[in-house]
Number of protein chains: 2
Amino acid sequence: MECFPLLADAHHEFLNKFFHSATLMNIPAAHTIASEGSECGQLALVFSGSVRVYKLAESGREITLYRISSGDSCVLTASCIMSGTPFPAIAETETDVEALIIPSQQAAEWMSEAKPWSAFIFGLISRRLADVITVLENVAFLRMDERIAAYLIAIASQGPVVNITHHEIAADLGSTREVVSRILKGFESKGLVLGARGKITINDLPGLQAYQH
Amino acid sequence: MECFPLLADAHHEFLNKFFHSATLMNIPAAHTIASEGSECGQLALVFSGSVRVYKLAESGREITLYRISSGDSCVLTASCIMSGTPFPAIAETETDVEALIIPSQQAAEWMSEAKPWSAFIFGLISRRLADVITVLENVAFLRMDERIAAYLIAIASQGPVVNITHHEIAADLGSTREVVSRILKGFESKGLVLGARGKITINDLPGLQAYQH
C-alpha cells in the first residue's frame, strides 16, 4: 500500500468503502486497456508495471503522452469519468501490470465525498497536464535532433547502455523510424552514441547535453 | 449569471459563500494576468472578453494552448491552486475582460465541500485536457500547410474576410511569420485565399478543406 499515500493517510471509513469497491487485477504485457473513443467504465490504480498512453495518427505515426507506473493512475480516464466523454487516446500495458480497479461510479462519487480521493485525483491532473504541455512544448519548439538528444539523456539515467529500438524512439516522439535512424547515424559519426541491434550505448553525455541549447 | 450554469444551479448556501469571496474585476486588453513560474493566488471566472494562454520559447516563438472566454475559467490556474505548483504558461487578455476573482484558498476548499463547484472544475479539466491534446496531435502529426488550412477553416466561420496578421497566425500555431507568409503565398497562387495588410479573404473553402486529408 506504500505506493499510494492516499491509502496510508485516509480515514478508516473511506478505506472500507474503497476496498469494498476495488478489485485487484493482473493485466498481461502488450494488452490494450482502452482505445480511442471507448467508454471509461473504471479507473485503474497501478501497483506495479507500466502503461503507455499514446495517440495514433492515420499515417500510423504514434506519440507518447505519458506513462503510468506504480502509485499512479490515468488522468484521461479520471477526466472521462467525471465528464462522461469517450477516451481520447490509447492505453496499452508495456509490462505485466498489477492494478486496483475502481468502478467509475464510485470514482465519481468519492470526488465530492472523500477529501483524500479528490486530492489524489487533483495531484494526478496537475502532473499530467504539465507532462502533456511539456511534450507539446518540445514538439512545437525543438528540432528532432534536439528532442532525440534530450530523450537519450533522460534514459541514460538507467545506465549508459539502453535496450531500445529506433522504432520505439520514433513512437515515443511522434516521428518515423527513418528520421530517428538518420539522426542517430549523425550522432554516431560524432562519437556521441554507439548503436547496435535494439541497443544504444551513450558514449558522450556532455556532447548530447550540448544539443539542449 | 446565465453564462455560468454553476451559479444558476447551485444551492443558496453555496451562492452565499461564493459571492462573499468573489470580487468583480475589469482587466484591460493586452494585460499579462499570469506569467510562467508565477504563483496562482486566485482563480478568475471570465464573464466577458477573451484570455489567451500560451507558451513562449527562448527563440521567441509562441504557441497558443487555449483561449478562455465567457463562462469559462483557467484549468492551469485551477490545477496550480490544487497542487501548489507554479503557473507553467503565460495568460494574457486579448480584449477587455470582466471576471469574477476567487481567492485560491476558497477555490481549493470548495472542491471537497461544494458539488456544483467540483463539477464545474472537472468540466474545465476534461475540456482543456482534450484541447491541449488536440493541439499536440496537430503539431506532432500534421504539416504546417495542413495546420494553416485547418486554422483558416476554423476562423472562416466568422465570415470569409478575417482580420488577422501572419504574426498572429504564427503565434497561435507555434511557427514563425516567415513560414506562415510562405505558405499563405502558396495558397494565394492556388486561388484559395487573398491576402491584404492584416486581412485574409477566404476564396475557396472546399479547396482549403481538401488539405485536411
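Predicted model, so just to flag it, every value in this text is computed and none were measured.
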Which bit of [X] is near chain A, if near means a heavy-atom gap under 4.5 Å: side chain, backbone, both or neither?
{"X": "Leu56(B)", "result": "backbone"}
{"X": "Leu65(B)", "result": "side chain"}
{"X": "Ala57(B)", "result": "both"}
{"X": "Leu142(B)", "result": "neither"}

Any side-chain heavy atom of Ser50(B) within less than 4.5 Å of one from Val97(B)?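 No, every pair of side-chain atoms sits at 4.5 Å or beyond.
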Answer yes or no: is there a side-chain heavy-atom contact under 4.5 Å between Val135(A) and Asp131(A)?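 No, their side chains stay 4.5 Å or more apart.
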What part of Ala140(A) gets closer than 4.5 Å to chain B, counting heavy atoms only: side chain, backbone, both or neither?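 Answer is both: backbone and side chain atoms of Ala140(A) are under 4.5 Å from chain B.
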Name the option with the most non-hydrogen atom pairs under 4.5 Å to chain B; the candidates are Glu62(A), Lys55(A), Met111(A).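 Answer, by heavy-atom pair count under 4.5 Å with chain B: Lys55(A).
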Flag the one option from Ile133(A), Thr85(A), Val132(A) with the top tally of heavy-atom pairs under 4.5 Å to chain B.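 Max contact count across the listed options: Ile133(A).
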Ion pair Glu168(B)/Arg52(B), N-O distance below 4.0 Å: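 No.
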Salt bridge or not for Asp172(B) and Arg67(B), using N-O below 4.0 Å?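 Here Asp172(B) pairs with Arg67(B) in a salt bridge, since their nearest N and O are under 4.0 Å apart.
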Salt bridge (charged side-chain N to carboxylate O under 4.0 Å, His left out), that's the test. Do Arg143(B) and Glu146(B) meet it? Break it down for me. CA-CA 5 Å; Arg143(B) 293 194 316 264; Glu146(B) 297 170 327; 3.7 Å; yes
Without hydrogens or angle criteria, can the side chains of His166(A) and Ser181(A) be said to hold a donor-acceptor pair below 3.5 Å?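 Side-chain D/A pair, His166(A) to Ser181(A): present.
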